[in-house]
Amino acid sequence: MSDSPDLLSQLKRTVQSLTSVCRPWPLFLDLTAVNFPSPLTDANARVTQNLTFFRANYAIIVLLIFFLSLVTRPLALLAFFIVLVAWLVLYFSRDEPMSIFGFEINDLVVLVGLVIASVVVLSVAGIWVNVIVAGAIAAGLVLLHAALRSTDDLVADEFEASPYGNLLSDDDDTPGGGAYSQI
């Protein structure tokens, strides 16, 4: 097992990398991009694209809603924080496989262990109702934002930032465009 300074620096790098994928909040909260999708298939495409593009922002909002639901129960909040740190240390911040007493532990085993620990903490703390209500509110808010936020400005930004440039374009007039021919 690594010593404490290495663990803290690795945890700091993980938190920085997770926050670096967070999109700018003014872009996320842009009220000019909010409108109703006309067909239902457009709403489905918007939800899919917004969930992919703003996934870190949505994760922060969901965690904030869970935090607010546990404010009145400080011991449950502490237990929730400990489980969150366990997830960060044991699952998200590791670059190498975990080994205990010289035995390499599979990532699936770590994942299952963390899920079981999370369920045990929820059971012991007696916060099932808080978590279910907070999860329903978070899912509702995330899906509402994802369905109502237009993705027109997001597509252009992704293509401009793409290292593949015009390869992603549907324009047949651009050199190296997206038109394919059979060989």
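Model, not experiment: these values are computed from the prediction. Each residue takes its place number in the sequence, starting with 1.
- Between Phe80 and Phe66, the angle of the ring planes lies from 30° to 60°, which puts this pair in the tilted group.
- Val124 and Ile132 fall into different hydrophobic clusters, defined by Ile, Leu, Val, Met, Phe, Trp and Tyr side-chain heavy atoms under 4.5 Å apart, directly or through other members.
- A 4.5 Å side-chain heavy-atom check between Ile60 and Trp25 finds at least one atom pair inside the cut-off.
- One hydrophobic cluster, built from ILVMFWY side chains closer than 4.5 Å, holds both Val110 and Ile100.
- A heavy-atom distance below 4.5 Å is not found between the side chains of Arg23 and Phe28.
- By the rule that hydrophobic residues join a cluster once side-chain heavy atoms approach within less than 4.5 Å of another member, Ile82 and Ile127 end up as members of separate clusters.
- Across all their heavy atoms, Ala79 and Val121 have their closest contact at CB-CG1, 3.6 Å.
- Side chains of Leu114 and Val83 form no contact here, defined as non-hydrogen atoms less than 4.5 Å apart.
- For the pair Val133 and Ile137, the minimum side-chain heavy-atom distance is below 4.5 Å.
- Residues Glu104 and Ser99 have side chains that never bring a donor and an acceptor to within less than 3.5 angstrom of each other.
- Leu29 and Leu63 fall within a single hydrophobic cluster, where Ile, Leu, Val, Met, Phe, Trp and Tyr are joined by side-chain heavy atoms under 4.5 Å apart, directly or via other members.
- Judged as a salt bridge (charged side-chain N to carboxylate O under 4.0 Å, His left out), the pairs with a partner in residues 123-150 (not counting sequence neighbours) are, in order, Arg149-Asp153.
- The backbone N or O of Thr52 lies less than 3.5 Å from a partner atom in the side chain of Arg55, making a donor-acceptor pair.
- Rounding to the nearest 0.5 Å gives a distance of 8.5 Å between OG of Ser69 and CG of Leu77.
- In this structure the side chain of Leu148 never reaches within 4.5 angstrom of the side chain of Asn35, judged on heavy atoms.
- Counted within 6.0 Å of CG on Leu75, heavy atoms from surrounding residues, nucleotides or ligands total 12 or fewer; the atom is thus considered open.
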Could you walk me through whether Trp128 and Val119 pass the side-chain contact (heavy atoms from CB on, under 4.5 Å) test, one step at a time? CA-CA 9 Å; Trp128 281 105; Val119 168; 4.2 Å; yes
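- With contacts defined as side-chain heavy-atom distances shorter than 4.5 Å, the pair Thr151/Phe53 does not qualify.
- In this structure, CG in Leu90 is found 11.0 Å from CD1 in Ile105, a value given to the nearest 0.5 Å.
- Residues Phe81 and Phe67 form no side-chain contact, since every pair of their non-hydrogen atoms from C-beta on lies 4.5 Å or further apart.
- In this structure the side chain of Leu141 never reaches within 4.5 angstrom of the side chain of Tyr58, judged on heavy atoms.
- If you chain together hydrophobic residues whose side chains sit under 4.5 Å apart, Leu144 and Leu68 never meet in one group.
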